[in-house]
Structures are given as C-alpha cells and as structure tokens.
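One structure is given here, and the rest of the page talks about it.
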Amino acid sequence: MRTNRTGALLAFLVIVLALTIIACDDVSSGSGNYTQAQVKVYGTADTTSRAASGSRFASAEISVGGENVTNRLRSTGQSAETNDTEFSTTVNVAGDTVRYTVSTRTGFVFDEWKIPRSSRAEMKRDYPDSWRQVMAEIASLTDDDSQTIYIRPEYIKYIRPTFDRGVYFDPGTAVDGDGSAARPFSNIDDILEFLGQHRGYDDDDELTIKMRKGIVHSFDISHLLNVSSGWGDDEREIELKIIGGYDDDWNRSERTEFKSFNILPPSGGYPRYVEEIEVELEMRNIEFTTLDYRKLNIEHDGKTELEVEVDLRNCKAKTLTEATGKVVNGLVVENASGNSNVTFVNSNAPYVSGNRYYHSIVREANGAVDGRNNIVVGESTDVNGENHYVATFDEDYKTNDRTLIAKLTQATPLSEEEAEQIGRNWNGDADDLLEEDIVGRERFLYDDDDWGHGHLLKVSYGPYEYLDFDD
C-alpha cells in the first residue's frame, strides 16, 4: 500500500514538472500574456571586455518590466571601444505597458532617449499606415528626458537610452558630492578636476555635465586651457556637452540660468597655456543673463591657436551683446538692442530693421522682414506675407495647436546654396545651420542628396521642425 502511494506521488510530480516546462516554454517564446521586448542602449563597455564583440555594458543599471537586465546586455558590433557602442538583450514582459528605468553609475550621465534612423525605417515596415503616429507617441513619452518611462513593450526596440561619460551638478546645494545623480557636484572646481582626471580615456566621444535648474553665478571653463588641467601639453581637443534645466528627479524642467559664462583664457594667458586648442561645446537648456556672442564660434584669439565652436540648443539670452554682423543660430533672445546687421537662424528674436531672419520667430514686426520661412508676430504686410507665415505666437518656439501646426508645415525648403550664403559670417559648418532646428531635429534643404531636385517636400515655418522625415 505504501508503494502505491509512492508511485502515485511520483506520477503527480512528473505531471507537475511537465506542466512547468510547458509554461516556461510559453514564456520564453513570448506567447500567452508575455511579450518579448528587444532592449537596445548606447553607452560604454566594461574596461575588462571592450576589445571584442559581446562586451558587457558599464554605464548604467537598466530595468525593464521590473527586471534588471544590465548583466545580460552585450555589445552588438565587432568591438566596443567607443563611447556610443550599442548593447542589446531581450526580456519577456507582461502587460500593455511596462516600466523602463535607467539609473546611471558614477562617472556617467544619461543624455536622452534616441530614435535612430534605422528605427524609423523599421517602424515604417512594422506600421506602414501609422508609423508617424507611433513615432509621435514614443516622442511624447520621452520628451522630458525622464529616466523612467512607461511604454508599450513592442515599441522598446525603436528607442535607445544614451549615456556619456560625465557628471551631475546641482547649483542649489551646498553638499559635497561625487558627481553621481544621487550626489551631484555643487562646485565648478570639482567638475574641472573630474574632467582633468578622466581625460585619459581613449573612448571619449564627449564628456557631459548635466545640471539641475537654478542659478549658476559663474561658470568659467577657461581653466581647461591651462596645461595643468590635465588635457594635454601642446595640442588639445576638448569636446564637452553642458545640458541644464532638470528637476530633483532629473526630468527636464526650466532652463538653468548662467549669470556669467566664460570659455576664453585671461588676457595675459596662463603661465603655461596650450599652444593649439580646439573646443567643441554643445549647450542645451541654458539661459544666459547676458550672452557676449564674441565668445562663441571663434577662429582664433590672437595669442594662441584657439578655435571655439559652440552649438546652442533650446538656449535663451535675456540680453544679447556683441552680435553685430554675426550669424546667431538656435537662440531665444529677449533683448538684442545695440546689435545691428544680425542674421538670426532658428531663433526667436525681436524685429529690427536691417537684420535678417531665417526659420525664426520675429516678434513685434512693424516693417518688412528680410529673410525666409519665418513666423512673423506683428502687423501683417504684403511683404511679411511673402515666404513667411504671419501668426500670433506666444510660446518660445513650439506649439501643440494641431490646427496651427498644419499651417506651419507648408514652408518651401531653402537650397544648400542659400544655406551657404546665409552662413557666410558663420565660423561653424554652414550646412548645419538649416539642416537642424533649434533643438537638433532634422530639417531638409531642397537639394539635399537624400532627396534630390523635384520632390514636393515641405518643412516647417519657424525655428522648430514639426515634421519627421523618413529616409
């Protein structure tokens, strides 16, 4: 009798085990209530494994649907020696939407959620009749750069959280930190010391300083031009990104205000300053109390071979100075008095007779506006109506009014030749002036190689490009 009970128990366990295996097979295949999400990220490989494909991800902790998948992420290319290597894995998740969270490790910052060009083509294949709506839905989820989003699992494969080497900074705290998101730096000198210590990495595409909102009374990075800063002796290439405007949870909020900003060495130079310097600086979500435009896009300073190229995105100047005769790109300007013969591109600026405006918002216009593809705010005249759109526009540069957007997305693209002419007083790459909008979104020119002559292509009036282009 005891033997029969034992046999029955064993038979029961076999059945349970078989059902368990079937259930596991269903989960792993993504059937039932589970969806297999393809997770892809951009960042840096672990130093012990970066020489070959299959390297481990080192920049952050990645959690999808409540599961930490960091240790499963592997590089997808032949090597992982750059700062923007792609890593991927798959994870089975349940539910119509899932929680997707990134948490950076010390020495790294989260930059943004990217939708690469390859994803747009993939979206078009997967959703031929609604791919633009899918892209718009994803963009709305990631618009504030939040480090936690809730997203449909089948959309996860289209986006890439991106990470740079760098530090976090909080101008509103007096607590000494280590530059991590949890304990950000509060002193500019700590940032400069970090940059000097970490310049030796050979995979640095750029170093990023991510800031909370608040007031920075003095931001002076000219000390990086001093030999003692650790950036090299005779030649130096500095690639920095400064992104501000984040709240306590590192969601994008108000712009960070700079009372004083300086990148140039003192008039007498340093005891040992670098003889040849090239600085590439991207600044996002910064408000300058006063912006001296001479400090941006410099070919040389007369004392050393100094080249400075600054790319502004979603930045604002309460007062703009020293911009006479220059091309001002990607800037919201409150007060531009005292400047003349200025060419504003991808900007929001007050009207001044004699200035030129391209893909800008022109405020308080009371005369003919020289330029093309602007949103003119003010009195409508026949001249203002030609190659412009006259409208009431109270925002910095972007509206959510779908009716207005439909009217704004009817501008005729400029040609590459026109872009070159507009950029004649621009020290940067003139092609970039009009091929990107005020936040770096893509905008086509009429004769771009990707399109060629004859396409009935439209773009948006004003500095912000509402259309998404599929190439």
Side-chain angles (χ1 to χ4, degrees), residues 20-119 121-123 125-126 134 138 141-142 145-166 180-182 201 203-205 208 250:
T20 301
I21 293 173
I22 293 173
C24 290
D25 286 343
D26 286 342
V27 171
S28 63
S29 64
S31 61
N33 296 324
Y34 289 86
T35 301
Q36 190 175 72
Q38 300 179 28
V39 182
K40 299 180 180 180
V41 305
Y42 289 150
T44 301
D46 182 274
T47 56
T48 62
S49 64
R50 65 177 56 182
S53 62
S55 300
R56 294 183 299 273
F57 178 63
S59 304
E61 298 288 324
I62 308 295
S63 177
V64 180
E67 181 177 352
N68 189 323
V69 300
T70 308
N71 292 334
R72 292 160 50 183
L73 288 164
R74 292 294 183 271
S75 60
T76 58
Q78 294 301 311
S79 65
E81 296 182 349
T82 63
N83 202 30
D84 57 354
T85 298
E86 182 180 87
F87 301 80
S88 69
T89 189
T90 59
V91 58
N92 293 305
V93 295
D96 295 332
T97 60
V98 297
R99 189 173 188 262
Y100 191 170
T101 298
V102 302
S103 179
T104 53
R105 292 169 175 168
T106 302
F108 298 93
V109 301
F110 170 66
D111 184 2
E112 61 183 343
W113 300 91
K114 282 188 177 179
I115 305 177
R117 290 188 176 187
S118 59
S119 290
E122 194 175 4
M123 263 187 262
R125 290 193 300 268
D126 295 344
V134 172
I138 295 173
L141 297 174
T142 60
D145 294 340
S146 172
Q147 296 185 179
T148 296
I149 62 173
Y150 293 86
I151 186 171
R152 293 168 63 97
E154 59 267 30
Y155 291 171
I156 289 177
K157 65 180 180 179
Y158 303 130
I159 63 174
R160 310 284 191 277
T162 62
F163 304 88
D164 298 329
R165 291 194 183 277
S180 64
Y201 288 117
D203 64 344
D204 282 336
D205 291 331
T208 298
W250 299 107

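This one's a predicted model, so the numbers in the text were calculated from it and none came from an experiment.
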Problem set entry | Ser119 versus Lys157, closest heavy-atom pair with distance | OG-O, 4.0 Å

Exercise. Nearest heavy-atom pair of Trp113 and Ser146: which atoms, and what distance?
Worked result: NE1-O, 2.8 Å

Problem set entry | Step-by-step side chain to side chain contact (heavy atoms under 4.5 Å, CB included) determination, Arg160 to Val41 | CA-CA 5 Å; Arg160 310 284 191 277; Val41 305; 5.9 Å; no

Exercise. Roughly how far, to the nearest 0.5 Å, is the CZ atom of Phe57 from the CG atom of Asp46?
Worked result: 11.5 Å

Problem set entry | Nearest heavy-atom neighbours spanning Ser55 and Ala45 | CB-CB, 3.8 Å

Seminar exercise, completed: From the list Val69, Thr70, Val102, side-chain contact (heavy atoms from CB on, under 4.5 Å) with Glu61 holds only for Thr70

Problem set entry | Ile149 versus Leu141, closest heavy-atom pair with distance | CG2-O, 3.5 Å

For this session: Could you tell me the separation between the CD atom of Gln147 and the OG1 atom of Thr101, rounded to the nearest 0.5 Å?
Result: 9.0 Å

Exercise. Between Thr76 and Lys40, is any pair of side-chain heavy atoms under 4.5 Å apart?
Worked result: no

Exercise. Out of curiosity, Arg72 CZ to Glu67 CD, how far, rounded to the nearest 0.5 Å?
Worked result: 4.5 Å

Exercise. Stepwise, does the side chain to side chain contact (heavy atoms under 4.5 Å, CB included) test hold for Tyr100 with Tyr155?
Worked result: CA-CA 11 Å; Tyr100 191 170; Tyr155 291 171; over 6 Å; no

Problem set entry | Reported CZ-to-CZ distance for the pair Arg165 and Phe163, which is rounded to 0.5 angstrom | 13.5 Å

Problem set entry | SB check Asp84 Lys114 (cutoff 4.0 Å) | no

Exercise. Minimum heavy-atom separation for Phe108 to Ala58, with atom names?
Worked result: CE1-O, 3.8 Å

Exercise. To the nearest 0.5 Å, what is the distance between CD1 (Ile62) and OG1 (Thr89)?
Worked result: 11.5 Å

Exercise. Looking only at atom types and distance, does a side-chain atom of Thr162 sit under 3.5 Å from a main-chain N or O of Tyr42, one as donor and one as acceptor?
Worked result: no

For this session: Check whether the side chains of Asp126 and Tyr158 place a donor and an acceptor atom closer than 3.5 Å, and report yes or no.
Result: yes

For this session: Drop me the distance from Thr97's OG1 to Glu154's CD, to the nearest 0.5 angstrom.
Result: 10.0 Å

Exercise. Would you say Thr35 and Val98 make side-chain contact, with heavy atoms under 4.5 Å?
Worked result: no

Exercise. Minimum heavy-atom separation for Val109 to Thr104, with atom names?
Worked result: C-CG2, 3.6 Å

